[in-house]
K.L.:
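Here you go, one structure.
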Amino acid sequence: MTDDGGGVQGGGMDLRKREPAFNLPGSLVAILALLTVIHVVRTYLISAQADELVLLHFAFIPGRYSIPFSEQDLGWLWSPVTYSLLHGSWEHLIFNAFWMVAFGAPVVRRIGLWRFFLFWCLSAIAAVAFHAALHWGAMILVVGASGVVSGLMGAAARFVFSPSGRISRQFAHLNRRLSIPEALSNRSVLVFSGIWFLTNFLIGFGQIFGSVAGGAIAWEAHIGGFLFGFLFFPLFDVAVAESRRD
């Protein structure tokens, strides 16, 4: 459902709509629909051979950047963004969509559609840039919006927590943005960020010392995305909130 609020006057009474359980910005709904359509097409409507070509041209491959650009197609140019529109499985897509709903909604409400679009592109690039720096020349495919979702988490950490530490689902985007020193001294931000980094480091150690069912998780891209969102969110932030809502 989209962010259409309001009430109805009738019989001298203000009959206001109840707040829906899922009140998402329309632009976020459109993005989730796009990701779903892309996965439906890849899974059910094209052949396996055609899907291999899609991955070859639109997934991120660190090894592209160790080969002269003159010896390859232009996939190196757009794949740092287009990989974020592809997913490895329905479980992968649903997992990312769940966290995108949780953290993308307050961010898009705060910065608007076009800045959100720019944030998506740049956080996707930052995520795989960090990943590529640690896997330079590797001929591995990276797909999924996890790096962008991590960027949204990092951005949200700068403003969604009220002074009491609670999150108001509908009004979190109106909170004052914390400076980096304020964020690093906020207990809720520290606990949230600490658990997030610990989880990703454990995933990384698990992949080093063991196997991960269903393919490896690009946890390094998660780190790159989160750091981008946390450090650079002020460049996208245009919301002004004179007071916080507890």
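All residue numbers refer to positions in the sequence shown, counting from 1. Hydrogens, waters and symmetry mates are skipped; everything else that's a heavy atom, side chains included, is used.
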K.L.:
Do Val108 and Phe98 belong together in a cluster built from hydrophobic side chains that touch within less than 4.5 Å?
P.N.:
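They do share one cluster, since a chain of ILVMFWY contacts under 4.5 Å joins Val108 to Phe98.
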K.L.:
Assess whether side-chain contact (heavy atoms from CB on, under 4.5 Å) is satisfied between Arg177 and Phe233, documenting all intermediate values.
P.N.:
CA-CA 10 Å; Arg177 187 183 72 243; Phe233 178 68; 3.9 Å; yes
K.L.:
Is it true that a side-chain atom of Ser79 and a backbone atom of Thr82 form a donor plus acceptor pair closer than 3.5 Å?
P.N.:
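Between the backbone of Thr82 and the side chain of Ser79 there is no qualifying donor-acceptor contact (under 3.5 Å).
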K.L.:
What's the shortest heavy-atom distance between Ala59 and Leu86, and which atoms?
P.N.:
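Heavy-atom minimum between the residues: N-CD1, 4.0 Å.
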K.L.:
If you round to the nearest 0.5 Å, how far is OG of Ser179 from CG of Asn186?
P.N.:
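Those atoms lie 10.5 Å apart.
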K.L.:
Checking side-chain contact (heavy atoms from CB on, under 4.5 Å) for the pair Ile140/Ile61: CA distance, chi angles, key distance, verdict?
P.N.:
CA-CA 6 Å; Ile140 54 178; Ile61 304 173; over 6 Å; no
K.L.:
For Gly147 and Ala127, work out which heavy atoms get closest and say how close.
P.N.:
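Closest approach of Gly147 to Ala127: CA-CB, 3.7 Å.
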K.L.:
Are the side chain of Ser193 and the backbone N or O of Leu190 linked by a donor-acceptor pair below 3.5 Å?
P.N.:
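Pair absent, no side-chain N/O of Ser193 close to backbone of Leu190.
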K.L.:
Residues two or more places apart in sequence or in another chain: which of them pass side-chain contact (heavy atoms from CB on, under 4.5 Å) with Ser146?
P.N.:
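side-chain contact (heavy atoms from CB on, under 4.5 Å) list for Ser146, sorted by chain: His92, Asn96, His222.
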K.L.:
Is the backbone N or O of Leu77 less than 3.5 Å from a side-chain atom of Arg64, with the two atoms forming a donor-acceptor pair by type?
P.N.:
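No, the answer is negative, given that no donor and acceptor are paired below the 3.5 Å cut-off.
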K.L.:
Working to the nearest 0.5 Å, report the span between CG of Leu178 and OG of Ser188.
P.N.:
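It comes to 10.0 Å.
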K.L.:
First locate atom CD1 of Ile125, then atom CZ of Phe60, and finally report the distance between them rounded to the nearest 0.5 Å.
P.N.:
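So the gap between those two atoms works out to 10.0 Å.
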K.L.:
Counting only pairs under 3.5 Å, give me each side-chain donor-acceptor contact of residues 129-138, with atom names and distances, residues two or more places apart or in other chains.
P.N.:
residue	atom	partner	partner atom	Å
His135	NE2	Glu220	OE2	2.6

K.L.:
Transitively linked via ILVMFWY side-chain contacts under 4.5 Å: Trp120 with Leu235?
P.N.:
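Linked, Trp120 and Leu235 end up in one cluster.
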K.L.:
Carefully, step by step, assess Phe232 and Phe119 under the rule ring-ring contact (aromatic ring centres under 6.0 Å, His included).
P.N.:
CA-CA 9 Å; Phe232 295 102; Phe119 181 90; over 10 Å; no
K.L.:
Can we say Arg158 and Glu182 salt-bridge, meaning some charged N sits less than 4.0 Å from an Asp/Glu carboxylate O?
P.N.:
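No.
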K.L.:
Kindly indicate, with the supporting measurements, whether the criterion side-chain contact (heavy atoms from CB on, under 4.5 Å) is fulfilled by Phe236 and Leu118.
P.N.:
CA-CA 8 Å; Phe236 305 87; Leu118 181 60; 3.8 Å; yes
K.L.:
Tracing side-chain links under 4.5 Å among I, L, V, M, F, W and Y, which residues wind up in one group with Phe117?
P.N.:
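When side chains under 4.5 Å apart are linked, Phe117 ends up in no cluster with other residues.
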K.L.:
Check Ala155 against Val107 and note the closest heavy-atom contact, atom names and distance.
P.N.:
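Where Ala155 meets Val107 most closely, the heavy atoms are CB-CG2, 4.3 Å.
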K.L.:
Show the nearest heavy-atom pair for residues Asp237 and Arg110, with the distance to one decimal.
P.N.:
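What the structure gives for the nearest pair is OD1-NE, 2.7 Å.
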K.L.:
Please list every donor-acceptor pair under 3.5 Å in which a side-chain atom of residues 33-43 meets a protein atom from a residue at least two apart or in another chain.
P.N.:
residue	atom	partner	partner atom	Å
Thr36	OG1	Leu32	O	2.9
His39	NE2	Thr43	OG1	3.4
Arg42	NE	Asp51	OD1	2.6
Arg42	NH1	His87	O	2.7
Arg42	NH2	Asp51	OD1	3.4
Arg42	NH2	Asp51	OD2	3.2
Thr43	OG1	His39	O	2.7

K.L.:
Rounded to the nearest 0.5 Å, what separation is found between the CZ atom of Phe159 and the CZ atom of Arg176?
P.N.:
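Between atom CZ of Phe159 and atom CZ of Arg176 there are 13.5 Å.
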K.L.:
Among the clusters formed by ILVMFWY side chains lying less than 4.5 Å apart, do Val81 and Leu74 turn up in the same one?
P.N.:
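Linked within one cluster.
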K.L.:
For Trp90, give me all partners under side chain to side chain donor-acceptor pair (under 3.5 Å), at least two apart in sequence or on another chain.
P.N.:
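Here the qualifying residues are Tyr44.
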K.L.:
From Met100 CE over to Leu93 CG, what is the distance, rounded to the nearest 0.5 angstrom?
P.N.:
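Those atoms lie 8.0 Å apart.
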K.L.:
Other residues, nucleotides and ligands only: do more than 12 of their heavy atoms fall within 6.0 Å of CZ on Arg115?
P.N.:
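Counting other residues, nucleotides and ligands, CZ of Arg115 stays at 12 neighbours or fewer.
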K.L.:
ring-ring contact (aromatic ring centres under 6.0 Å, His included), that's the test. Do Phe103 and Phe192 meet it? Break it down for me.
P.N.:
CA-CA 13 Å; Phe103 292 94; Phe192 168 74; 5.6 Å; yes
K.L.:
Does Val160 reach the side chain of Met153, with side-chain heavy atoms less than 4.5 Å apart?
P.N.:
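No. Closest side-chain heavy atoms not under 4.5 Å.
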K.L.:
Look at the side-chain heavy atoms of Ile, Leu, Val, Met, Phe, Trp and Tyr, link any pair under 4.5 Å apart, and say whether Phe58 and Leu45 land in one connected group.
P.N.:
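Same cluster.
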K.L.:
Does Trp99 CH2 have over 12 foreign heavy atoms under 6.0 Å away?
P.N.:
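At most 12 heavy atoms, drawn from other residues, nucleotides or ligands, come within 6.0 Å of this atom.
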K.L.:
Taking all heavy atoms of Ala105 and all of Leu24, pick out the closest pair and write down the distance.
P.N.:
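Shortest heavy-atom contact: CB-CD2, 4.2 Å.
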K.L.:
Between Trp76 and Phe69, does a ring-ring contact (aromatic ring centres under 6.0 Å, His included) hold up when you go through it step by step?
P.N.:
CA-CA 8 Å; Trp76 63 268; Phe69 294 153; 3.9 Å; yes
K.L.:
Could you work out, with ring pair (Phe, Tyr, Trp, His ring centres under 6.0 Å) as the rule, every residue matching Phe230, not counting sequence neighbours?
P.N.:
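Listed in chain order: nothing, the list is empty.
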K.L.:
With a 4.5 Å cut-off on side-chain heavy-atom distances among I, L, V, M, F, W and Y, is there a chain of contacts connecting Tyr83 to Ile67?
P.N.:
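Shared cluster, no.
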K.L.:
Any chance you could measure Trp196, atom CH2, to Ser150, atom OG, to the nearest 0.5 Å?
P.N.:
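One finds 4.0 Å between CH2 of Trp196 and OG of Ser150.
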K.L.:
Using the rule given for side-chain contact (heavy atoms from CB on, under 4.5 Å), can you reason through Phe197 versus Leu202, listing the C-alpha separation, both sets of side-chain angles and the distance that settles it, and then say yes or no?
P.N.:
CA-CA 9 Å; Phe197 274 98; Leu202 289 176; over 6 Å; no
